[in-house]
Amino acid sequence: MAYVRFQGTVRSPRGHFPGVFALANGLARQGVLTDEQWRFWRTGNDWYDANYPDPSTVDPHVYDPDLHPGAVAWFKTSAPAAELIKRVDGYLELLAAHGVECHMIRSTDPGKVVYEDEYQVVATPHAPPPPITTAHPA
């Protein structure tokens with residue numbers, strides 16, 4: 001099975017690279033979306049919520065950093081997930097309009113699967129994410 005993930009290029013405080021939806025949701029929370037972008041984001045999120053399982057509502061602990069460090073979601077590339085992946089393009093355009101880089105990565109081994117449904121998996125990386133360090137002035 002092949003998997004695909006759309007993620008940012010800057011690590012979050014939890015040490016992983018946020019996914020496309022987390023990045024778009026962050027822009028919405030910051031209040032930087034235009035009215036048109038906000039309508040797209042809200043409509044898109046509502047469509048995903050209505051049509052696909054949210055792993056965190058099925059298993060509230062799936063993203064728990066103590067239980068599943070570094071856990072992130074990956075789309076399956078199988079036919080049932082095709083519409084799910086196709087709709088990501090609009091989110092990528094939204095992010096690009098705000099200068100937020102987001103890349104697609106592919107894998108046949110996304111890590112230890114801690115959640116799975118017909119469309120996606122949530123997996124922890126085989127190696128834990130590196131610790132986040134901050135530079136201290138000398």
Side-chain angles (χ1 to χ4, degrees):
M1 170 70 65
Y3 304 91
V4 65
R5 176 168 168 75
F6 299 88
Q7 66 181 27
T9 59
V10 177
R11 288 189 187 276
S12 76
R14 284 183 34 211
H16 70 287
F17 295 98
V20 64
F21 300 116
L23 293 169
N25 292 348
L27 291 175
R29 276 192 305 278
Q30 292 169 21
V32 298
L33 300 180
T34 66
D35 289 344
E36 182 180 335
Q37 290 170 336
W38 190 90
R39 279 191 298 277
F40 164 81
W41 167 80
R42 181 72 270 150
T43 301
N45 281 9
D46 290 345
W47 182 85
Y48 277 102
D49 289 344
N51 289 285
Y52 295 97
D54 176 349
S56 64
T57 61
V58 176
D59 177 359
H61 304 290
V62 73
Y63 294 112
D64 182 305
D66 294 323
L67 294 174
H68 307 294
V72 294
W74 293 76
F75 298 122
K76 292 181 176 181
T77 58
S78 56
E83 182 67 16
L84 184 138
I85 296 169
K86 179 179 168 186
R87 288 179 170 252
V88 169
D89 287 346
Y91 284 85
L92 297 175
E93 292 170 13
L94 176 77
L95 294 173
H98 290 274
V100 178
E101 288 188 57
C102 190
H103 298 284
M104 180 180 72
I105 56 173
R106 295 179 180 273
S107 179
T108 56
D109 184 10
K112 178 185 174 199
V113 174
V114 297
Y115 169 88
E116 182 170 8
D117 62 41
E118 184 178 5
Y119 312 101
Q120 63 196 325
V121 298
V122 175
T124 59
H126 291 298
I132 300 297
T133 58
T134 55
H136 296 287

In Å and rounded to the nearest 0.5 Å, what is the [atom1] to [atom2] distance from [X] to [Y]?
| X | Y | atom1 | atom2 | answer |
| --- | --- | --- | --- | --- |
| K76 | I85 | NZ | CD1 | 11.5 Å |
| Y3 | D109 | OH | CG | 8.5 Å |
| R39 | T34 | CZ | OG1 | 7.5 Å |
| S107 | R5 | OG | CZ | 11.5 Å |
| Q30 | H98 | CD | NE2 | 9.5 Å |
| Y63 | H16 | OH | NE2 | 8.5 Å |

> Checking S12 side chain against P18 main chain: does a donor-acceptor pair fall under 3.5 Å?
Replying inline: no
> Would you say Q120's side chain and P53's backbone share a donor-acceptor pair under 3.5 angstrom?
Replying inline: yes
[Y] reachable from [X] in the ILVMFWY side-chain graph, under 4.5 Å edges:
| X | Y | answer |
| --- | --- | --- |
| V20 | W38 | yes |
| V32 | L92 | yes |
| V122 | V4 | no |
| V62 | V121 | no |
| M104 | F17 | no |

Restricting to non-hydrogen atoms, name the atom on [X] and the atom on [Y] that form the minimum distance, rounded to 0.1 Å.
| X | Y | result |
| --- | --- | --- |
| P110 | A123 | O-CB, 3.7 Å |
| D66 | D64 | N-OD1, 2.7 Å |
| A24 | L95 | N-CD2, 3.7 Å |

> Applying the ring pair (Phe, Tyr, Trp, His ring centres under 6.0 Å) test to Y48, which of Y119, W41, F21, F75 qualifies?
Replying inline: F21
> Between S56 and D54, do the side chains contain an N or O donor and an N or O acceptor separated by less than 3.5 Å?
Replying inline: yes
> Just by distance, with hydrogens left out, do N45 and Y91 show a side-chain donor and acceptor under 3.5 Å apart?
Replying inline: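 Yes.
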>> Could you check whether any side-chain heavy atom of R106 comes within less than 4.5 Å of a side-chain heavy atom of T77, counting everything from C-beta outward?
In response: yes
